[in-house]
Each structure stands twice: as C-alpha cells, then as structure tokens.
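All values reported here derive from a predicted model rather than from experimental measurement.
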Amino acid sequence: MRRCGGLTGAQPATLEAQQVADEVQLQVEEKEGKKFEVFTAVEFKTQVVAGINYFIKVHVGNEEFLHLRGFKSLPHENKPLSLSSYQSSKTKHDELTYF
C-alpha cells in the first residue's frame, strides 16, 4: 500500500524499475564521466508525491552499485522521467534511503 509522502519498503526490482533505470542511465553516465556496461536494477522503493519518486539500487558491474532517484510526473503533466539525484560508491548491502 502506498501512502503519500512515505517511502515504501524495499522490493525486488520489477520491469518498471528497470525501465526507470534505463531511462536515466545516460544522465548518470554523463555525470560520472563513464559508460556502464552493466546497469541492472536490483531493488527499489517508491514515494508518492505529485508524481512518483523511484529510489533504485543499480548494479553497475563487479561489486559496484549506485543508488538513483528518478521522478515520474503525473500523466497529465506530460513530462519525461527525470534523474533527480544519485549516489555512487554503494555496495550490495547499502540500504536504500531518501536522498
């Protein structure tokens, strides 16, 4: 159940979470100054606001992970999904938290 404002519990990544990761991958690569050969969503949380914030843990190769926050606006706003923020140098066991 989603409640407005709070983060859901962590869930295994779904196709939807991977699609969000795929849509912001290029933006993350531009900010990091490198290409990721692997960019696989492994788990995610969501937050309902005036749209949905997706907090996604992404495996980027070897033992490296990053956390990204993507924002999907309400459908009537007709805006593309955007990368709000991300955190690099994460591990598989780092908890997804609000950032």
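- Of all non-hydrogen atoms in Ala41 and Ala21, the two that sit nearest each other are CB-CB, 4.5 Å.
- In this structure, the separation between CG on Leu81 and CD on Gln19 is 10.5 Å, given to the nearest 0.5 Å.
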Let me see the working for Tyr54 and Glu16 under side-chain hydrogen bond (donor to acceptor under 3.5 Å, both in side chains), right down to the final yes or no.
CA-CA 10 Å; Tyr54 289 86; Glu16 180 180 22; 2.6 Å; yes
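- Judged by distance alone, with hydrogens and angles left aside, the side-chain atoms of Thr8 form a donor-acceptor pair with the main-chain N or O of Thr46 at under 3.5 Å.
- Under the 4.5 Å side-chain heavy-atom criterion for ILVMFWY residues, no single connected hydrophobic cluster contains both Phe65 and Val58.
- Looking at heavy atoms from C-beta onward, Leu68 lies out of side-chain contact with Gln27 at the 4.5 angstrom threshold.
- The CD atom of Gln25 sits 13.0 Å away from atom OH of Tyr86, with the distance rounded to the nearest 0.5 Å.
- A distance of 12.0 Å separates OG of Ser85 from NE2 of His67, quoted to the nearest 0.5 Å.
- Heavy atoms from other residues, nucleotides or ligands lying under 6.0 Å from CD of Glu77 number more than 12.
- To the nearest 0.5 Å, atoms OG1 (Thr14) and CD (Glu43) are separated by 12.0 Å.
- Across Leu66, Val38, Thr40, a single residue satisfies side-chain contact (heavy atoms from CB on, under 4.5 Å) together with Val60, and that is Leu66.
- Rounded to the nearest 0.5 Å, atoms CG (Leu26) and CZ (Phe39) are 10.0 Å apart.
- Within 6.0 Å of NZ on Lys90 lie more than 12 heavy atoms contributed by other residues, nucleotides or ligands.
- Judged purely by atom type and a 3.5 angstrom limit, Lys57 uses its side chain to pair as donor or acceptor with the backbone of Asp94.
- Ala50 and Phe71 get closest at one heavy-atom pair: O-CZ, 3.2 Å.
- With respect to Val42, the side-chain contact (heavy atoms from CB on, under 4.5 Å) criterion is satisfied by exactly one of Gln18, Lys92, His59: His59.
- Residues Ile56 and Phe44 come closest through the heavy atom pair CG1-CB, 3.9 Å.
- To the nearest 0.5 angstrom, Tyr98 atom OH is 13.0 Å from Lys45 atom NZ.
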